[in-house]
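Before any comments, here is the structure.
Numbering of ligands and ligand atoms starts at 1, following listing order. The figures here come from the full heavy-atom set of this structure, side chains too, leaving out hydrogens, waters and symmetry mates. The first residue of the sequence shown is numbered 1, and numbering continues consecutively from there.
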Amino acid sequence: MRKKFIAGNWKMNTNAAQGVELAAALAKAIGSSTDVEVAVCPPALYLSAVGAAIKGSSIGLGAQNCHHEAKGAFTGEIAPAMLLDVGCKYVILGHSERRQLFHETNADVNKKTIAALAAGLTPIVCVGESLAERQANKTSDVVREQVQGSLAGLAGEQILKLVIAYEPIWAIGTGVVATPEQAEEVHADLRSLLTSRYTAAVADKVRIQYGGSVNAENAKTLLSQPNIDGALVGGASLKADGFLAIINGAK
Ligand code: 13P
């Protein structure tokens with residue numbers, strides 16, 4: 001049985017005070033409850049402050065990116081061990097915004113995933129097709145290639161330590177959510193890819209989150225699909241009430 005995992009990707013939003021306030025409200029409401037796994041991923045600058053605000057609760061801390069090298073002359077970058085050092089458990093990798101706006105390739109995401117796993121972080125590896133790719137019936141080809149490339153060379157026991165997030169680009173920040181059937185079709189396809197690359201036992205344990213315009217209204221139906229194991233939430237994770245409603249929808 002895969003435990004549902006709801007993560008909030010705050011992207012480049014909030015200031016320090018707003019981030020702490022949001023995190024504190026979530027920590028107060030969630031407390032030590034563990035029926036749903038919950039994480040918040042604030043901007044890197046606020047990781048420590050948000051980490052302090054969720055301390056003592058069951059909420060995990062996540063970053064939105066990392067570099068693949070452990071240290072050195074990489075101005076502006078953050079190493080996986082540094083994220084661990086400030087209390088992170090998770091790191092989002094290969095988000096479509098990083099792929100599109102910062103030109104990250106599957107090979108880059110693969111290096112980051114390997115480095116994050118080696119440091120002891122749980123990577124949340126994102127994949128997803130554009131609207132043009134969906135309309136050209138290329139969704140399966142695109143997301144399979146992204147998963148194969150981003151997770152290249154990883155053994156089954158490493159796959160068990162990461163989370164995949166399916167985020168169709170056309171659904172991100174648009175209010176156009178994938179239908180439960182559209183999302184489930186891709187999630188099931190990715191699980192069958194994992195079965196063929198690893199074993200059915202491994203594929204059965206890997207959590208695949210859905211992301212893209214998830215909100216309090218649509219979360220429950222999406223999360224009731226057999227292969228949708230959680231959500232990676234953008235905009236709706238910036239308000240405590242809305243995010244808590246999504247978490248409740250996972251119960
Ligand atoms: P929205 O929930 O704002 O559509 O963003 C989804 C996302 O990109 C989460 O990583």
Practice prompt. Describe, in one word, how the ring planes of Y166 and H187 are oriented to each other, choosing from parallel (under 30°), tilted (30 to 60°) and perpendicular (over 60°).
Written response: perpendicular
For the student: nearest non-hydrogen atoms of [X] and [Y], plus distance:
X	Y	answer
F5	Q209	O-NE2, 2.9 Å
I159	V206	CG2-CG2, 3.4 Å
S213	T174	OG-N, 3.6 Å

Please say whether [X] places an N or O atom under 3.5 Å from an N or O atom belonging to ligand 1.
X	answer
H95	yes
L232	no
V233	no

Show the atom names and distances, to 0.1 Å, of all donor-acceptor pairs under 3.5 Å that link a side chain in residues 37-58 to residues at least two apart or in another chain.
{"unit_1": "E37", "atom_1": "OE1", "unit_2": "R207", "atom_2": "NH1", "d": "2.9"}
{"unit_1": "E37", "atom_1": "OE1", "unit_2": "R207", "atom_2": "NH2", "d": "3.2"}
{"unit_1": "E37", "atom_1": "OE2", "unit_2": "Y90", "atom_2": "OH", "d": "2.6"}
{"unit_1": "E37", "atom_1": "OE2", "unit_2": "R207", "atom_2": "NH2", "d": "3.2"}
{"unit_1": "S57", "atom_1": "OG", "unit_2": "I54", "atom_2": "O", "d": "2.7"}
{"unit_1": "S57", "atom_1": "OG", "unit_2": "I59", "atom_2": "N", "d": "3.2"}
{"unit_1": "S58", "atom_1": "OG", "unit_2": "G31", "atom_2": "O", "d": "3.3"}
{"unit_1": "S58", "atom_1": "OG", "unit_2": "S33", "atom_2": "O", "d": "2.6"}

Fill in: Contacts of E69 that satisfy side-chain contact (heavy atoms from CB on, under 4.5 Å) - sequence neighbours left out
H67, F74
Response to the item:
Note: heavy atom closest to atom 5 (O) of ligand 1, options Q209, K11, E167, belongs to K11
Worksheet item: If you count the atoms of ligand 1 from 1 in the order shown, which ones are under 4.0 Å from a heavy atom of G235?
Response: 1 (P), 2 (O), 3 (O)
Worksheet entry | Enumerated ligand 1 atoms positioned under 4.0 Å from heavy atoms of G173 | 1 (P), 3 (O), 4 (O)
Worksheet item: Counting heavy atoms only, which part of I172 comes closer than 4.0 Å to ligand 1: side chain, backbone, both or neither?
Response: both
Discussion item. Heavy-atom pairs closer than 4.0 Å: do any link ligand 1 to the side chain of A171, the backbone, both, or neither?
Written reply: backbone
Discussion item. With the threshold set at under 4.0 angstrom, would you say G212 reaches ligand 1 through any of its heavy atoms?
Written reply: yes
Discussion item. Can you see whether N227 engages E184 through a side-chain donor-acceptor pair at a distance of less than 3.5 angstrom?
Written reply: yes
Worksheet, complete the sentence: re atom 2 (O) of ligand 1, the protein heavy-atom contact at minimum distance is G234 N, 2.9 Å
